Amino acid sequence: MTAHAIIGSGSFTPTRVVTNEDMSRIVDTSDEWIVTRTGIRERRLASETESTSYMAAAAASAALIDAGVKAEQIDLLIIATFTPDLPMPATACLVQTMIGIPSKAACFDINAACTGFVYALDTAWAMLASGRYQHAVVIGAEKISSLINWNDRTTCVLFGDGAGAVVIGPAPSGSTGRFIGSKLGAIPGTSAVLMVPGGGSSPVQTDAARFITMKGKEVFKLAVRAMDDVARDILAAHGIAADDVACIIPHQANRRIIDAIAQYLEVPIERFFINVDRYGNTSAASIPIALDEARRAGRIKSGDLVLLVAFGAGLTYGATLVRF
Ligand code: COA
């Protein structure tokens, strides 16, 4: 069976930088409060024309160039997002047209909130392993600023916009690159701690229901437990010690959550790639943006074992082990 590997990556973040100082002019908050509680110093916010599809297309184009793969070769396009341009069609179909992916390609969106990219990666990997697809583009893209209540200081300081993408294809001959394994899950009965109550087909359709609501403390505890458990599970399932992992790319929601995971897994924090300070929580885009930055910064080398681990609304969780 052909081994499939991540052969390219790309990302796009809007140019507009909004610092904590800027946030303190919008709501009653401070740089000190945001940094100590979350580690976030600034985030990027998309302009009106920078839609989720626009950012996704930009990230995918960069990933295709990096991989040396042409859009015509792609036969699978998956976008993880909970902020699609439209309820339908899927954002993947909009991006397909924007970057010239041919009609033979399967194109669809996945919504697992902040775990979305890990879910999408596992889906793409399984479809490629079936032998019926050859090259996939997997994107995480979010315009979360469109679902933020800018009067709610408990949520608005946490999030940002952006997109990241990878190209997955047959591993080049001689390379060790391949997927090792993946574990996905969701915790029943936890939907109410993090949600957008309206905007779908539910009868809840007030203006306020269009925005993200969150019980921060509960999410924090569930997130640490879920990420620690799933990271341990996947390492144990493949007989790999945490110490053998060269780089851990966690969902970038909160620096304190990442510190707690590092402590529980007993992995030095330097082994984690962290950029939450610059982008805040970009949900499904957070892992692919971080992965792209880590590769371009030389933090991931050929042969390295990399662990991606995430949690998000649902609550969903997941982890993927990849060798580069
Ligand atoms: N600026 C200043 N004060 C703020 C504030 C802000 N932006 N947001 C909340 N506060 C206030 C609260 O109103 C509260 O005041 P009170 O005690 O007078 O009621 C106080 O700060 C403490 O709030 P608390 O909720 O106890 O803070 P916390 O230590 O739990 O930190 C979060 C809040 C949101 C940073 C933290 O709970 C968290 O990160 N949770 C996980 C969120 C997450 O990752 N979500 C995405 C999942 S994918």
Side-chain angles (χ1 to χ4, degrees), residues 18-43 80-83 110-120 140-145 147-162 164 184-187 190-197 211-231 249-262 272 274-277 279-290 308-319:
V18 176
T19 64
N20 290 347
E21 213 52 55
D22 297 329
M23 291 304 303
S24 72
R25 285 188 279 275
I26 301 172
V27 284
D28 180 15
T29 190
S30 66
D31 179 55
E32 197 265 336
W33 191 96
I34 301 172
V35 171
T36 43
R37 296 301 212 287
T38 72
I40 299 166
R41 294 185 182 277
E42 58 189 40
R43 71 285 294 142
T81 186
F82 78 96
T83 52
I110 280 184
N111 177 355
C114 301
T115 319
F117 183 76
V118 175
Y119 267 64
E142 304 281 15
K143 187 168 180 173
I144 307 179
S145 55
L147 297 182
I148 293 289
N149 175 355
W150 291 99
N151 297 313
D152 176 9
R153 68 177 181 171
T154 68
T155 52
C156 74
V157 301
L158 303 176
F159 297 96
D161 301 326
L184 306 177
I187 309 168
T190 55
S191 298
V193 299
L194 181 55
M195 67 186 338
V196 178
F211 303 123
I212 293 174
T213 61
M214 185 180 70
K215 294 178 183 150
K217 270 194 202 309
E218 286 172 52
V219 174
F220 192 103
K221 283 186 220 149
L222 287 162
V224 172
R225 165 99 59 85
M227 285 170 87
D228 179 43
D229 284 352
V230 74
I249 303 194
H251 170 46
Q252 311 279 322
N254 183 316
R255 172 67 199 238
R256 287 191 298 141
I257 293 177
I258 298 172
D259 286 342
I261 307 293
F272 285 68
I274 301 171
N275 63 9
V276 68
D277 50 322
Y279 300 122
N281 179 351
T282 58
S283 189
S286 97
I287 286 184
I289 292 172
L308 314 178
V309 59
F311 72 97
L315 291 180
T316 54
Y317 61 85

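Just so we're clear, the structure is a prediction, and the values are computed from it rather than from any experiment. First listed ligand is number 1; within each ligand, the first listed atom is number 1.
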Atom 3 (N) of ligand 1: which of F220, W33, F159, F311 has the nearest heavy atom?
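When every heavy atom of F220, W33, F159, F311 is considered, W33 comes closest to atom 3 (N) of ligand 1.
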
Any idea which of M23, R256, K221, R153 brings a heavy atom closest to atom 7 (N) of ligand 1?
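Shortest heavy-atom distance from atom 7 (N) of ligand 1: R153.
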
Counting only heavy atoms, which portion of [X] has something under 4.0 Å from ligand 1: side chain, backbone, both, or neither?
| X | value |
| --- | --- |
| V27 | neither |
| N281 | side chain |
| T154 | both |
| T29 | both |

Mind checking whether I187 and R225 have side chains closer than 4.5 Å, heavy atoms only?
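A side-chain contact under 4.5 Å is absent here.
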
Could you check if a side-chain atom of F82 sits within less than 4.5 angstrom of a side-chain atom of L147, using non-hydrogen atoms only?
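The answer is yes, as the side chains (C-beta and beyond) meet within the 4.5 Å cut-off.
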
In terms of side-chain heavy atoms, does E142 have a donor or acceptor partner in T81 at a distance below 3.5 Å?
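Side-chain D/A pair, E142 to T81: present.
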
Among all protein heavy atoms in this structure, tell me which lies nearest to [atom], with the distance rounded to 0.1 Å.
| atom | answer |
| --- | --- |
| atom 27 (O) of ligand 1 | R37 NE, 3.7 Å |
| atom 24 (P) of ligand 1 | K217 NZ, 3.8 Å |
| atom 41 (C) of ligand 1 | G216 O, 3.5 Å |
| atom 44 (O) of ligand 1 | A253 CB, 3.5 Å |

Can a non-hydrogen atom of H251 be found less than 4.0 Å from any atom of ligand 1?
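Flag set, H251 near ligand 1.
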
Could you check T282, D277, I289, I258 and say which one makes a side chain to side chain contact (heavy atoms under 4.5 Å, CB included) with Q252?
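Filter result, single survivor: I258.
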
